[in-house]
Amino acid sequence: MKALITGGAGFIGSHLADHLLTAGHDVVVLDDLATGSLANLSSISDHPRFRYVEGSVLDEALVNTLASGVDTIFHLAAAVGSFVIRDRTLQSLRTNIHGTENVLTAAHRHQNRVLIASSSEVYGKNTKIGLCEDDDRVVGSPLLHRWSYSEAKAVDESLTHSYVTELGLQAVIVRLFNTVGPRQSGRYGMVIPRFVAQALAGAPLTVFGTGAQIRCFCHVQDVVPALVALVDARDAYGTAVNVGSTEQVSIADLALRVLALTGSSSDVVHLTYEQGIGAGYEDLQRRVPDCTRARKLIDFRPTRTLDDILRSVIDEQSRPNLVRAAVR
Ligand code: UDP
């Protein structure tokens, strides 16, 4: 495979780059370093089958040029993280809608296979235990920045679906649920790197809201092979596929597990959403995927537990030279 990974200097993209190179493929990474980091690529930067290009998915000509040299595109570049969407709503909409449109246009022109990374955010406030791909979206006003990310990803999905059904593009949409592991930054709001950084620094763990909200966290090493398998799965083209864990945990319990595994004596403090994220934020009380479709298509079975995930993040953050930017 000759693969282009947009957003390849980011958390998931850089793990995907490692995985593809190890499997013998050629990899080109396109990243504008908005939230990605060259440090994520340091172990592969000299690899003979690796190339890094700094630039934006909004640069239509650049995306077109890069697409002409590959057979497969993993489109992971996106503005992501509740703090990013809050602080740069307009730019996030542009990146997440026009960036995807540029990738789809280029992929169609050069007949690339494409994987479009979407998000469980498209389901919005639907609290069904075991969200299926055909379930309804339940979202608030598009005028709230909170829902603009969900809106953008939904537009991406509709665009992708139309490219497949009307123009014959070979593309699959993957709805990623909470994905975690080493290299994920807490700077943009993600809870596990934040809690771990806070615990290791002896700072209070900041639980937003009651802490009763439920999430399922999947290790990035379980997610990455699924992405590679799905871009190969012809039966998946034109569909959306959930990828995530089904191990549920409340955010309050998550804080206690981080304290137990780090041995930290930090306190747990509860902040209102207004204090933690800002005015007008509405949280999802529960988000649990049904991954039957992924299991049928690619035999998707995540093997790492939440404790495995927490240990891997704690190990990374315990390394002495790490800057703990997430603590506040
Ligand atoms: N959260 C929290 N404290 C933090 C960061 C996040 O309590 O310091 C909560 C957040 O409100 C949400 C959950 O943790 O209920 C997961 O947040 P994250 O941003 O990691 O992912 P989300 O599921 O919101 O996309």
Exercise. Hey, is CD on Glu60 packed in by over 12 heavy atoms from elsewhere, all under 6.0 Å?
Worked result: no

Problem set entry | Student check: side-chain heavy atoms of Leu30 and Val63 closer than 4.5 Å | yes

For this session: List the atom of Ala77, the atom of Gly7, and the distance in Å for their closest heavy-atom pair.
Result: CB-N, 3.5 Å

Problem set entry | Shortest non-hydrogen contact from Ser266 toward Ala203 | OG-O, 2.8 Å

For this session: Check the side chains of Ser56 and Asp59 for a donor-acceptor pair under 3.5 angstrom, ignoring hydrogens and angles.
Result: no

For this session: Could you tell me whether the side chains of Thr305 and Asp307 share a donor-acceptor contact shorter than 3.5 Å?
Result: no

Donor-acceptor pairs under 3.5 Å, side chain of residues 36-44 to any protein atom, not counting sequence neighbours: which ones?
unit_1	atom_1	unit_2	atom_2	d
Ser37	OG	Ala39	N	3.0
Asn40	ND2	Ala9	O	2.8
Ser42	OG	Ala39	O	3.0

Problem set entry | Stepwise salt bridge (Lys or Arg N to Asp or Glu O under 4.0 Å) check, Arg287 with Glu121 | CA-CA 9 Å; Arg287 185 153 70 199; Glu121 279 283 324; 3.1 Å; yes

Problem set entry | Pairs flagged by ring-ring contact (aromatic ring centres under 6.0 Å, His included) wherever residues 13-71 is involved - sequence neighbours left out | Phe11-His15

Problem set entry | Note, Leu284 side chain near Arg215 side chain (heavy atom, < 4.5 Å) | yes

For this session: Take Glu316 and Arg183 through the test salt bridge (Lys or Arg N to Asp or Glu O under 4.0 Å) and record every step on the way to the result.
Result: CA-CA 8 Å; Glu316 183 196 39; Arg183 298 183 192 160; 5.7 Å; no

For this session: Tell me, with the steps shown, if Asp235 and Arg293 meet salt bridge (Lys or Arg N to Asp or Glu O under 4.0 Å).
Result: CA-CA 11 Å; Asp235 290 348; Arg293 184 174 290 177; over 6 Å; no

Exercise. Are a donor atom and an acceptor atom from the side chains of His219 and Ser312 found within less than 3.5 Å of each other?
Worked result: yes

Exercise. Quick one: are Met1 and Asp26 in side-chain contact, heavy atoms under 4.5 Å?
Worked result: no

Exercise. Would you say the side chains of Thr206 and Gln198 form a donor-acceptor pair under 3.5 Å?
Worked result: yes

Problem set entry | Thr100 and its side-chain hydrogen bond (donor to acceptor under 3.5 Å, both in side chains) partner, picked from Lys153, His75, Glu157 | His75

Problem set entry | Charged N-O contact under 4.0 Å between Asp222 and Arg304 | yes

Problem set entry | Qualifying residue, where the test is side-chain contact (heavy atoms from CB on, under 4.5 Å) with Leu227 and the options are Val241, Ile298, Val174 | Val174

Problem set entry | Residue pairs fulfilling side-chain hydrogen bond (donor to acceptor under 3.5 Å, both in side chains) with at least one residue in residues 104-113, sequence neighbours excluded | Asn64-Arg109, Asn64-His110, Thr72-Arg113, Thr105-Tyr163, Arg113-Asp232

Problem set entry | Val103: which of Leu159, Thr160, Ile73 passes side-chain contact (heavy atoms from CB on, under 4.5 Å) | Ile73

Exercise. When you measure from the centre of the six-membered ring of Phe83, is the NZ or CZ of Arg86 under 6.0 Å away and within 45° of the axis?
Worked result: yes

Exercise. With a distance cut-off below 6.0 Å to the six-membered ring centre and an angular limit of 45° from the axis, does Arg137 pair with Tyr123 as a cation-pi contact?
Worked result: no

For this session: Go through the side-chain N and O atoms of Thr127 and Gln285 and say whether any donor and acceptor fall under 3.5 Å apart.
Result: no

Exercise. Can you tell if the side chain of Leu310 reaches within under 4.5 Å of the side chain of Val258, non-hydrogen atoms only?
Worked result: yes

For this session: Determine, using the 4.5 Å side-chain heavy-atom cutoff (strictly less than), whether Leu176 and Val224 are members of one ILVMFWY cluster.
Result: yes

Exercise. Does the side chain of Val207 reach to within under 4.5 Å of the side chain of Leu271, using non-hydrogen atoms?
Worked result: no

